[in-house]
Amino acid sequence: MTDAAIDTPPNTPRVTPVQDRFLGIAITPLTRRRLGNFRANSRGFWSLWIFLALFGASLFAEFIANDRPLVIYYDGGLYSPVLTAYPETTFGGFFPTEADYTDPEVVELIEEKGWMIWPLIPYSYNTVANDLTGPAPSPPDSRHWLGTDDQARDVLARLIYGFRLSVLFGLTLTLFSSVIGVAAGAVQGYFGGWLDLLAQRFIEIWSGLPVLYLLIILASVVEPNFWWLLLLMLCFSWMSLVGVVRAEFLRARNFDYVRAARALGVSSTMIMIRHVLPNAMVATLTFLPFILNASITTLTSLDFLGFGLPPGSASLGELLAQGKANLQAPWLGITGFMVLALMLSLLIFVGEAVRDAFDPRKTLQ
């Protein structure tokens, strides 16, 4: 008989570990209750799967919309122009530069000794369509399912690439801003005192700076790109989680288990990470979908105003700007609005489901 069995009263219920596992990790009863509450919100649950399906498909945009064939069989060999750039001389041409697979002469050379398999949409985000029957922007037809913009570029192809770019920008900005915001809020809330007071005054001053004016000034000095915009927006977006995390640390730093750990000589860093941070992560995870939503909206707004990504980049904001400038082509504005509204609505529904899952007042029926 073990010592635990001797010390345990005979009528005391034994707490057994949960046998449920997900990806090799044991699921605690609390986690299982949260997952049940998340599934109970059917709107948020299915919104998550729809958003993941759309984003997963956009990650393979080069294989869905591209002006290069997926596979070429030529003279007994297989080639993949989507993954590798081949010179025109590879297919019997005269120029050592990369082959233009939309050129009728190159197509004829390849079809003499082989065949090509094209993507579902034979246009990339920057491909200028030469098969239009009228002036650009052209309405939707059998070749351009959502029409073309004022530069004769396929709207559907730009939509797929722009969706991927917007979500990747939002995810990256949300990740880095959350890490910085959680760290800043944890330090403020745990140590308090003059550190907390000075940090709060700094945040008040820093949050009052006009971000749009700074972007306008910097756009006149350097050409903004993905990483430049990400760095600039990161300088201001990290403050969104500071208040929530700071409040959690201020509340938990005087709990008995924190005092006991401090009395046992546990370092402040270990107490913050292992004992207090899990409590603060509940509120943090609840806010993450809404922060992602705001990040995507910020990039779209900057592109719409002309202070975002470089001209020619696939962007939802640029598509909305074209719809505003070309009122005679309503498919541009309607397409941009519908995609943006769908994406943001899905993220809002997911955020509501996450909020319900971490709400201690919610009980699974």
Derivation of the side-chain contact (heavy atoms from CB on, under 4.5 Å) call for V276 and I271:
CA-CA 6 Å; V276 187; I271 294 175; 4.2 Å; yes
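- Between E204 and Q200, the side chains place no donor N or O within less than 3.5 Å of an acceptor N or O (distance only, hydrogens not considered).
- For N254, the CG atom sits in a packed shell: over 12 heavy atoms of surrounding residues, nucleotides or ligands are nearer than 6.0 Å.
- In this structure, the side-chain contact (heavy atoms from CB on, under 4.5 Å) partners of T172, at least two apart in sequence or on a different chain, are F176, L230.
- Rounded to the nearest 0.5 Å, atoms CG (L48) and CG (L346) are 9.5 Å apart.
- Salt bridge R68/E62: absent, no basic N to carboxylate O contact under 4.0 Å.
- For the pair S313 (side chain) and S315 (backbone), a donor-acceptor distance under 3.5 Å is absent.
- The backbone N or O of G147 lies less than 3.5 Å from no partner atom in the side chain of S138, so there is not a single donor-acceptor pair.
- In this structure, Q151 places its CD atom where more than 12 heavy-atom neighbours from other residues, nucleotides or ligands lie under 6.0 Å away.
- Remark: Y125 OH is loosely packed, at most 12 non-hydrogen atoms of other residues, nucleotides or ligands lying under 6.0 Å away.
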What donor-acceptor contacts under 3.5 angstrom involve side-chain atoms of residues 78-96, with partners at least two apart or in another chain?
unit_1: S80; atom_1: OG; unit_2: L70; atom_2: O; d: 3.3
unit_1: Y86; atom_1: OH; unit_2: S80; atom_2: N; d: 3.3
unit_1: T90; atom_1: OG1; unit_2: P87; atom_2: O; d: 3.2

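- Ion pair E318/K324 not flagged as a salt bridge, since none of the NZ, NE, NH1 or NH2 atoms sits closer than 4.0 Å to an Asp/Glu carboxylate oxygen.
- The number of heavy-atom neighbours closer than 6.0 Å to CZ of R251, taken from other residues, nucleotides and ligands shown, is above 12.
- With a 4.5 Å cut-off between side-chain heavy atoms of Ile, Leu, Val, Met, Phe, Trp and Tyr, the cluster of F337 takes in I334, M338.
- In this structure, the separation between CD1 on I110 and CG on D103 is 10.0 Å, given to the nearest 0.5 Å.
- For D196 (side chain) and F191 (main-chain N/O), no donor-acceptor pair under 3.5 Å exists by modelled atom type.
- Between the side chain of R253 and the backbone N or O of E248, no donor-acceptor pair lies under 3.5 Å.
- Here the two rings, on H144 and Y123, have centers that are under 6.0 Å apart.
- Looking at D356 and N41, their side chains do bring a donor and an acceptor atom within 3.5 Å of each other.
- A donor-acceptor pair under 3.5 Å is formed between the side chain of N326 and the backbone N or O of Q322.
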